[in-house]
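See below for the structure under consideration.
It should be emphasised that the depicted structure is a prediction, and the values quoted were computed from it without experimental measurement.
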Amino acid sequence: MNWTYTNNPSESSKDALRLAVGDTNQEDPRLSDEEVEHFLSLYPGSINLAAADAAEAIAARYSSMAVSYVGDLDNSPHLKAEYYLKLARQLRSREVVVEEAPESIAASPGCSSEALHRGALFRRGVGL
């Protein structure tokens with residue numbers, strides 16, 4: 001398994017993806033260079049979406065591992081899997097494009113112009 005990290009995420013998309021998923025420790029690699037290149041090729045214009053897919057792949061690995069207990073310590077890979085799934089959701093949310101809403105004449109969100117100019121719906125002691 002080839003693994004490289006040059007600590008230069010602004011110049012290297014591979015380093016940027018590794019930094020986004022926390023795969024920067026050579027002693028504990030999560031993804032091979034080939035896997036990183038694969039995710040980058042899926043989303044050539046978006047490090048966040050490529051990193052989200054990579055985080056889901058890491059989560060899948062952890063979710064398939066057996067839980068081991070040493071005394072009172074729980075070394076649960078399922079907790080790591082949950083972390084990476086949350087990370088994937090966070091990375092995907094960075095890609096959500098919010099379209100600007102047309103300018104409204106309403107005084108507040110959810111109020112239509114008709115509602116603003118309508119007479120009172122209730123009178124003291126009388127309902128509709």
Side-chain angles (χ1 to χ4, degrees):
M1 176 171 105
N2 294 327
W3 188 95
T4 54
Y5 181 71
T6 61
N7 199 22
N8 191 8
S10 60
E11 297 294 323
S12 167
S13 56
K14 191 170 13 177
D15 283 0
L17 186 142
R18 286 196 188 282
L19 182 62
V21 298
D23 186 21
T24 58
N25 183 356
Q26 186 174 4
E27 303 302 317
D28 187 22
R30 305 272 195 297
L31 298 166
S32 70
D33 285 347
E34 294 79 12
E35 290 168 325
V36 170
E37 291 294 336
H38 168 72
F39 292 120
L40 290 171
S41 72
L42 293 176
Y43 302 98
S46 175
I47 295 292
N48 287 327
L49 292 177
D53 273 13
E56 289 172 346
I58 295 169
R61 283 192 193 141
Y62 280 122
S63 66
S64 66
M65 293 179 176
V67 177
S68 61
Y69 296 95
V70 178
D72 291 338
L73 298 176
D74 175 10
N75 185 16
S76 176
H78 296 286
L79 296 175
K80 291 179 184 178
E82 287 178 26
Y83 164 77
Y84 279 102
L85 289 175
K86 287 179 187 176
L87 176 62
R89 283 192 297 274
Q90 180 185 25
L91 290 164
R92 286 190 197 288
S93 73
R94 292 178 186 172
E95 288 296 316
V96 174
V97 177
V98 178
E99 294 183 24
E100 286 190 32
E103 190 172 324
S104 173
I105 62 168
S108 63
C111 293
S112 67
S113 61
E114 294 84 22
L116 291 174
H117 302 294
R118 184 175 17 201
L121 295 177
F122 299 98
R123 295 197 181 132
R124 182 170 278 210
V126 179
L128 284 178

Could you please spell out the steps behind the side chain to side chain donor-acceptor pair (under 3.5 Å) verdict for N2 and S32? CA-CA 6 Å; N2 294 327; S32 70; over 6 Å; no
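Annotation: the span from N48 atom CG to R94 atom CZ amounts to 5.5 Å, rounded to 0.5 Å. Note: E34 CD to W3 CH2 = 13.5 Å, rounded to the nearest 0.5 Å. Atoms CD1 and CG, from I47 and L17 in turn, are 6.0 Å apart once rounded to the nearest 0.5 Å. The distance from atom OG of S13 to atom CG of L19, rounded to the nearest 0.5 Å, is 12.5 Å. Atoms CG and OG1, from D15 and T24 in turn, are 9.5 Å apart once rounded to the nearest 0.5 Å. If you take CG on N8 and NZ on K14, they are separated by 12.5 Å, rounding to the nearest 0.5 Å.
Between N25 and Y5, every side-chain heavy-atom pair lies at or beyond the 4.5 Å cut-off. With contacts defined as side-chain heavy-atom distances shorter than 4.5 Å, the pair Y62/R30 qualifies.
Note on E56 versus R92: salt bridge recorded, some NZ/NE/NH1/NH2 to OD/OE distance being below 4.0 Å.
Listed for the R18 side chain is a donor-acceptor partner under 3.5 Å among the backbone atoms of L31.
For the residue pair Y43 and D53, a side-chain donor N or O sits within less than 3.5 Å of a side-chain acceptor on the partner.
The shortest heavy-atom contact between P9 and A16 is O-CB, 3.6 Å. Shown here for A52 and L91, the closest heavy-atom pair between the two residues is N-CD1, 3.7 Å. Of all heavy-atom pairs spanning Y84 and A55, the tightest one is CB-O, 3.4 Å.
In terms of the side-chain contact (heavy atoms from CB on, under 4.5 Å) criterion, residue partners of A57 (sequence neighbours excluded) are, by chain and number, F39. For R89, the salt bridge (charged side-chain N to carboxylate O under 4.0 Å, His left out) criterion is met by no residue, not counting sequence neighbours. Here E11 pairs with nothing under the side chain to side chain donor-acceptor pair (under 3.5 Å) rule; sequence neighbours left out.
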